[in-house]
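Sequence lines set the chain letters: A, B, ... in the order given, protein chains first and strands last, and positions in each chain run from 1. For clarity, every value in this text was computed on a predicted model and none was experimentally measured.
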Amino acid sequence: MSNHQCPQHSEFVASIRNDSIGDDIKAHMAGCPKCQEVAEVVRQLAPLRESADDAPPFADLYRRAQTRSILGKHSRRSTRASTPLRYFHRATGAALVAASLLLTVLPLILKPGPGGLLMIGPLLALLAATAGGILLTSESPGIAGRAATADVH
Amino acid sequence: MSECGLQQVYESVAADLYAYIQRACGHPSDAEDVFQETFARLLGSEFSADREIDYRRYLFRIATNLMRDRTRWSRRWRFDQMPNETGRPPESLYVDGIDAHRALSEMKPKQRKLLWLAYVEGLPHKDIADILGVASTSVRVMLARARKKMLTHLGRGLR
């Protein structure tokens with residue numbers, strides 16, 4: 001049997017580390033290669049625990065953690081504040097794409113004569129589609145969005 | 001979590017957690033950052049427990065995940081391949097020339113964590129599995145491999 005997998009694992013490890021192994025476990029270990037392995041590893045690792053550096057002081061840790069927490073809150077507030085702008089941004093893009101489709105289809109429906117005013121339709125459609133595509137694919141809320149969220153930082 | 005509550009958790013867990021991070025991290029400069037970040041996550045979380053052991057498990061799990069993320073990041077950018085100014089690992093990686101430290105640092109990060117959690121912290125397999133995010137049943141096999149590897153590194157393989 002290997003003691004290191006039994007419910008008393010923690011006690012077994014602690015007893016090896018403190019060199020306070022009972023006679024029964026010593027007798028068991030003499031004939032159990034697995035337990036010998038465990039004991040050897042525990043003995044090797046123990047000095048590494050003892051020689052570890054001291055943890056950074058609590059005051060520093062708390063101050064930094066608090067700063068991080070405040071920055072995290074600001075970042076979340078900033079994201080929330082810019083959400084309506086992002087939706088508006090996308091809606092504008094979608095409207096422009098829709099308008100471009102309309103301008104493309106409208107001349108065909110109205111059957112314009114050569115050189116008519118409606119010939120500018122395809123040109124406007126192209127411009128609207130380009131602008132809409134840029135707005136739809138861009139993630140930034142733009143200058144207005146950045147200005148609106150600047151105050152929360 | 002209040003400052004007082006965090007201080008209580010810090011006093012009961014900090015020394016063990018920092019030792020774990022230092023040895024498992026591989027990069028001493030990263031240890032303080034990971035430690036700091038671990039407590040910052042606890043402070044920013046909604047986690048609450050009655051027992052100290054639950055905080056201990058929670059913090060060890062956060063630290064393990066943070067170290068894993070850092071390892072992936074450094075692997076991606078190959079920072080772990082870059083020598084430092086002297087072309088040698090920092091002196092603080094070696095503790096009074098103890099072979100065990102070198103043996104440990106030559107092992108895979110997961111094996112380092114496994115050995116530390118099992119044989120320094122003395123945690124049961126279930127808790128180790130929870131902290132490392134692996135199946136409880138595989139901890140036993142992974143530990144056996146890690147032990148053998150460490151003893152091989154130390155030139156003390158048992159027959």
Between B/Glu32 and B/Gln36, a side-chain donor and acceptor under 3.5 Å: no

Check whether the ring centres of B/Tyr55 and B/Phe47 lie less than 6.0 Å apart, and answer yes or no. yes

Counting heavy-atom pairs under 4.5 angstrom with chain A, the leader among B/Ala40, B/Ala146, B/Ala144 is B/Ala40

Can B/Arg57 and B/Asp130 be said to form a salt bridge (Lys or Arg N to Asp or Glu O under 4.0 Å), step by step? CA-CA 8 Å; B/Arg57 271 195 217 117; B/Asp130 186 38; 5.4 Å; no

With a 4.5 angstrom heavy-atom cut-off, which part of B/Leu42 approaches chain A: side chain, backbone, both or neither? neither

Applying a strict 4.5 Å limit to non-hydrogen atoms, the region of B/Glu11 in contact with chain A is neither

Can you say whether B/Leu115 sits under 4.5 Å from chain A via the side chain, the backbone, both, or neither, judging by heavy atoms? both

Can you say whether the rings of B/Tyr20 and B/Phe60 are parallel (under 30°), tilted (30 to 60°) or perpendicular (over 60°)? tilted

